[in-house]
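One-based numbering, in listed order, for ligands and for the atoms of each. If you're wondering where the values come from, they're calculated on a predicted model, not measured in any experiment.
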Amino acid sequence: MTAEKSSLQTYLREKADMVEAGLKQYLRDDYTPAPLKEAVRYSLFAGGKRIRPIILLATMEAFGQECRRGLPAACAVEMLHTYSLIHDDLPAMDDDDMRRGKPSNHRVFGEAIAILAGDGLLTHAFETLSRLTEMGFPADQVVRLVRELSRYAGIRGMVGGQAADVLGENRRLSLEELQYIHRHKTGDMIVFCLRAGAILSNVDEKKLTAITRFGEQIGLAFQIHDDILDVVGETEQLGKKAGSDEAKNKSTYPSLIGLDQSRTKLSELISQAKESLGEAGVENSMLAEIADYIITRRN
Ligand code: GRG
């Protein structure tokens with residue numbers, strides 16, 4: 001069955017299963033102490049959607065590659081993403097008790113082990129990424145991805161966005177400030193996934209630029225939809241407490257421009273994103289369906 005013919009749900013399930021198996025393979029069990037191991041496994045296998053690694057694999061397929069070869073990069077992204085969720089839930093950050101439908105990591109294992117589980121996943125992500133060499137990718141391509149992941153997850157990327165978010169708490173932000181936070185905190189990891197899939201497919205600069213733009217557009221859309229879900233979603237379905245943005249006095253798209261305008265902005269972003277896909281020459285790939293899924297998902 002080709003990727004185009006399978007339904008989106010089947011496609012997401014198949015790819016999530018591939019990621020699940022890869023995570024087990026690359027995490028391994030050969031480390032101690034046991035509470036650290038349990039805390040790492042608790043969050044990594046707590047039922048995340050795996051949308052970031054799926055985007056990376058789908059990008060490789062869109063550019064005609066055998067996506068399994070990108071599995072080390074896909075798993076590295078999910079490890080890094082899971083670290084960011086564990087740290088985001090800590091009392092010093094968002095102070096959330098629930099994540100992925102379960103008590104958050106520090107509520108089960110305590111703050112010290114939760115911080116270390118996050119640190120461990122962040123570090124292990126780079127060991128996992130380096131395993132691309134075992135898939136036959138040349139060292140210079142792997143080093144390029146190490147640099148890209150450091151850039152998009154680090155101080156110029158996700159961590160920078162998170163810092164701006166923390167510093168902006170309890171203050172009404174301008175739309176520009178909020179967009180900056182969303183672009184970096186959430187968007188940059190999605191941009192990395194698209195760029196990594198494209199780089200591993202050896203695309204030219206023009207296509208890389210177009211696919212990066214697609215990532216920026218769906219990354220912002222992902223977070224705006226997340227803001228909307230926090231207002232209209234149900235705690236049980238979300239797997240975390242609904243209404244927490246308002247309770248924490250956070251600036252969000254709905255709080256700044258209202259629900260209707262937030263939805264309009266979402267549709268605009270997705271149609272622009274599809275134009276970017278066209279410029280990258282992959283408008284008929286699963287990436288187009290994933291863009292639609294991002295703004296219709298319920299959790
Ligand atoms: C503390 C050193 C240090 C760094 C902090 C915490 C952090 C770095 C960054 C936060 C990044 C963050 C939590 C962004 C929010 C992105 C978001 C919408 C997450 C939810 O992603 P989903 O919906 O969740 O893909 P699942 O559970 O499906 O994986």
Compare every heavy atom of Leu90 with every heavy atom of Ala114, then report the nearest pair and how far apart it is. CB-CD2, 4.2 Å
State plainly whether the residues Arg131 and Glu134 are in salt-bridge range, i.e. N to O under 4.0 Å. yes
Nearest non-hydrogen protein atom, atom 8 (C) of ligand 1: Tyr83 OH, 3.7 Å
For Asp88, counting its heavy atoms only, list the atoms of ligand 1 lying under 4.0 Å from any of them. 6 (C), 13 (C)
Examine the proximity of ligand 1 to Gln162 and report which part, side chain or backbone, both or neither, has a heavy atom under 4.0 Å away. side chain
Out of Glu78, Met93, Arg100, indicate the one that has the non-hydrogen atom closest to atom 27 (O) of ligand 1. Arg100
Any heavy atom of Met189 closer to ligand 1 than 4.0 angstrom? no
Which is it for Arg50 and ligand 1 at heavy atoms under 4.0 Å: side chain, backbone, both or neither? neither
For Arg52, the ligand 1 atoms with a heavy-atom partner under 4.0 Å come out as 17 (C), 19 (C), 21 (O), 22 (P), 25 (O)
Of all protein heavy atoms, the one nearest atom 6 (C) of ligand 1 is Ser84 O, 3.0 Å
By the definition side chain to side chain contact (heavy atoms under 4.5 Å, CB included), identify the one residue from Leu80, Leu116, Ile86, Leu85 that meets it with Leu121. Ile86
Can you establish whether the number of heavy atoms outside Arg298 located under 6.0 Å from its atom CZ is more than 12? no
NZ/NE/NH1/NH2 to OD/OE distance under 4.0 Å, Arg297 and Asp226: yes
Numbering as shown, the atoms of ligand 1 that approach Asp226 to under 4.0 Å (heavy-atom distance): 18 (C)
Quick check on Gln141: does its CD atom have over 12 non-hydrogen neighbours (other residues, nucleotides or ligands) under 6.0 Å away? yes
Who's closest to atom 3 (C) of ligand 1 heavy-atom-wise, of His87, Lys49, Arg99, Arg297? His87
Where does the angle between the aromatic ring planes of His87 and Tyr83 fall among parallel (under 30°), tilted (30 to 60°) and perpendicular (over 60°)? perpendicular
Tightest non-hydrogen contact, residues Glu78 and Pro53, listed as OE1-CD, 3.2 Å
shortest atom 12 (C) of ligand 1-to-protein heavy-atom contact is with Lys185 CG, 3.9 Å
For Gln223, counting its heavy atoms only, list the atoms of ligand 1 lying under 4.0 Å from any of them. 18 (C)
Measuring from atom 16 (C) of ligand 1, which candidate in Ile115, Asn299, Thr186, Leu238 has the nearest non-hydrogen atom? Thr186
What orientation do Phe109 and Tyr42 show, parallel under 30°, tilted 30 to 60°, or perpendicular over 60°? perpendicular
Counting only heavy atoms closer than 4.0 Å, does ligand 1 sit against the backbone of Leu85, its side chain, both, or neither? side chain
